[in-house]
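Here the structure is laid out as structure tokens; the discussion comes afterwards.
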Amino acid sequence: LELDLMSQDYKSIYGGWALVIGASEGLGEAMARDLAQRGMNVAMVARGEAKLRGAADRVASAFGVETLPIAADLADPNVLDVIRGGLGGREIGFLIYNCAAEFGGEFLDQALDRHLTNIQVNCVAPTVVLHHFAGEMTQRGRGGIVAVSSLAGVQGLYAWVTYGASKAYEMILGEGLWYELQHQGVNATAFMVGSTYTPNFQRNQVERNTLFAKSRTPDDLPSGIEPPQDPVDASAHLFAQIDREWLPQIYANPNDAEAALRYAALPRADRIRMMSDPMRRSWKGEEPGLA
Ligand SMILES: NC(=O)c1ccc[n+]([C@@H]2O[C@H](COP(=O)([O-])OP(=O)(O)OC[C@H]3O[C@@H](n4cnc5c(N)ncnc54)[C@H](OP(=O)(O)O)[C@@H]3O)[C@@H](O)[C@H]2O)c1
């Protein structure tokens, strides 16, 4: 009950509006909902305008807050101007950088352009956006920042070489800001996300024809196969931890947090093979994998 009461008060803790970048479905929408539940108005960014407007309407009517859909592509080098134009002077007190370019496949099989898009959307754009909004937050002496990273970013990973490297960038970005900005009243974290049943995850599985694609819900998976997490649960874990304390890294799934401690002790080669061998078999169509 105590946490529930605290959790209603984000507007007075962080001020202004929340901005969720990549918010029209799945994990991004779940996090927008959790912010709205804590009393914040939410500006929501995605490329697809119709889907975004639908999500913004759902969040507004479910929680009685204002929402603002802003159609923008984070691969566009001028995206900060587009977002600022959409905001029309609204102050941002809480920012979640969620969207990602997620091109998978062996490094040399993919066109260079796809690798560069991974870097643009997952490294360059969060740097540009956070540099601007974190600056405004420190001037006001308060704010919250979440950089969404991935378990693909904690070791080299088959088929996700530049994606993984870009998510490592976001992890270290969030951690570094956690340290630097706390001295100016602003909180930050890297959100460590593992396999999550978002519509985007499901589309990727369909493309590769894995078992996850054939099973419509985690409950339909054969026993022994660890189900991906529900995005609503992933978001709930983030905000439950933020309500307690901002850590440099926050795990979406408590099981992953435990496993990370064990894996940290392994030699790098073992760790890379442990994650990459099943991934490689999955991509080669030999057995289902987890991403
Ligand atoms: N799902 C997983 O299994 C998993 C695992 C580890 C980490 N993660 C991380 O979790 C985050 C969310 O993952 P998810 O893909 O499953 O997505 P999601 O949060 O369910 O949806 C992604 C959102 O971002 C928007 N988006 C995508 N590219 C964009 C762009 N270039 N510019 C603006 N908006 C964009 C999408 O809408 P539009 O397409 O209309 O733009 C959508 O609203 C990502 O950072 C990902 O790296 C996910």
Side-chain angles (χ1 to χ4, degrees), residues 19-34 42-56 58-59 69-80 82-83 86 96-104 114 116-126 128-129 146-154 157 160 162-171 173-174 190-205 207-208 210 212-213 218 226-235 237-238 249-253 256 275 279 282 289-291:
L19 171 62
V20 181
I21 298 183
S24 62
E25 65 180 13
L27 182 58
E29 182 179 356
M31 294 189 291
R33 293 178 72 85
D34 278 327
V42 192
M44 296 163 68
V45 175
R47 291 166 302 184
E49 225 171 328
K51 202 168 60 173
L52 176 64
R53 226 177 285 122
R58 283 194 295 277
V59 174
I70 302 173
D73 184 350
L74 272 290
D76 169 7
N78 297 314
V79 71
L80 180 60
V82 178
I83 293 174
I96 300 182
Y97 194 94
N98 173 64
C99 80
E102 299 170 38
F103 294 122
R114 286 169 48 122
L116 297 181
T117 301
N118 278 338
I119 295 167
Q120 183 70 32
V121 176
N122 308 347
C123 305
V124 176
V128 169
V129 167
V146 176
V148 180
S149 181
S150 168
L151 301 189
V154 297
L157 184 60
W160 301 100
T162 52
Y163 168 76
S166 72
K167 299 312 278 188
Y169 179 85
E170 285 177 304
M171 175 178 76
L173 184 71
F191 186 31
M192 304 303 296
V193 177
S195 296
T196 308
Y197 245 114
T198 62
N200 189 38
F201 176 90
Q202 185 72 354
R203 286 191 292 271
N204 289 336
Q205 305 305 313
E207 205 173 293
R208 289 170 34 224
T210 74
F212 292 121
E226 184 69 20
Q229 196 178 25
D230 188 298
V232 171
D233 295 338
S235 178
H237 284 127
L238 170 69
Q249 291 186 357
I250 298 177
Y251 279 82
N253 186 334
D256 291 335
M275 304 300 282
M279 189 69 74
S282 169
L290 285 177

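Computed from a predicted model, the values in this text were never measured in an experiment. When a ligand or atom number is given, it counts from 1 through the structure's own listing order.
- Using modelled atom types, one side-chain atom of Ser149 and one backbone atom of Lys167 make a donor-acceptor pair closer than 3.5 Å.
- Atoms of ligand 1 found under 4.0 Å from any heavy atom of Gly26, numbered from 1 in the order shown, are 20 (O).
- A distance-only check finds no donor-acceptor pair linking the side chain of Ser166 to the backbone of Gly164 [under 3.5 Å].
- At least one N or O atom of Lys167, backbone or side chain, sits closer than 3.5 Å to an N or O atom of ligand 1.
- Of the polar atoms of Leu74, at least one N or O is found under 3.5 Å from an N or O of ligand 1, judged by distance alone.
- The backbone of Ala23, and not its side chain, has at least one atom closer than 4.0 Å to an atom of ligand 1 (non-hydrogen atoms only; backbone = N, CA, C, O).
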> Given Asp256 and Gln229, is the side-chain contact (heavy atoms from CB on, under 4.5 Å) satisfied, shown in steps?
Replying inline: CA-CA 11 Å; Asp256 291 335; Gln229 196 178 25; 5.8 Å; no

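- Ligand 1 has at least one atom lying under 4.0 Å from a heavy atom of Ser195.
- Geometrically, ligand 1 and Leu27 share a nitrogen or oxygen pair separated by less than 3.5 Å.
- Applying the ring pair (Phe, Tyr, Trp, His ring centres under 6.0 Å) test to Tyr163 and every residue at least two apart in sequence or in another chain returns Trp160.
- Polar contact check, Gly48 against ligand 1: a nitrogen or oxygen pair lies under 3.5 Å apart.
- Applying the 4.0 Å criterion to heavy atoms of Glu25 picks out, from ligand 1, the atoms 18 (P), 19 (O), 20 (O), 21 (O), 43 (O).
- Under the side chain to side chain donor-acceptor pair (under 3.5 Å) criterion, Ser150 pairs with no residue at all, not counting sequence neighbours.
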>> The test is side-chain contact (heavy atoms from CB on, under 4.5 Å); show your working for Cys99 and Val121 and say whether it passes.
In response: CA-CA 8 Å; Cys99 80; Val121 176; 4.1 Å; yes

>> Could you walk me through whether Met31 and Val148 satisfy the side-chain contact (heavy atoms from CB on, under 4.5 Å) test, starting with their C-alpha distance in whole Å, then the side-chain angles of each, then the deciding distance to 0.1 Å, before giving a yes or no?
In response: CA-CA 11 Å; Met31 294 189 291; Val148 180; 4.1 Å; yes

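- Formation of a donor-acceptor pair under 3.5 Å by the Arg47 side chain with backbone atoms of Leu74 is not found in this model.
- Where the criterion is an N or O separation shorter than 3.5 Å, residue side chain and backbone included, Gly28 meets it with respect to ligand 1.
- Checked by atom type and distance alone, the side chain of Glu25 never pairs as donor or acceptor with a backbone atom of Pro199 at under 3.5 Å.
- Contacts between Tyr163 and ligand 1 below 4.0 angstrom, taking non-hydrogen atoms only, involve the side chain exclusively.
- The residue among Arg47, Gln229, Gln120 with a heavy atom at the shortest distance from atom 41 (O) of ligand 1 is Arg47.
- Residue Glu102 has at least one heavy-atom neighbour below 4.0 Å for each of these atoms of ligand 1: 13 (O), 14 (P), 15 (O), 44 (C), 46 (C).
- The backbone and the side chain of Asn98 each have at least one atom closer than 4.0 Å to an atom of ligand 1 (non-hydrogen atoms only).
- Distances below 4.0 Å separate heavy atoms of Ala72 from the following atoms of ligand 1: 32 (N), 33 (C).
- The closest approach between a heavy atom of Ala125 and any atom of ligand 1 is not below 4.0 Å.
- The backbone of Ser149, and not its side chain, has at least one atom closer than 4.0 Å to an atom of ligand 1 (non-hydrogen atoms only; backbone = N, CA, C, O).
- In this structure, the side chain of Asn122 does not engage the main chain of Ala100 through any donor-acceptor pair within 3.5 Å.
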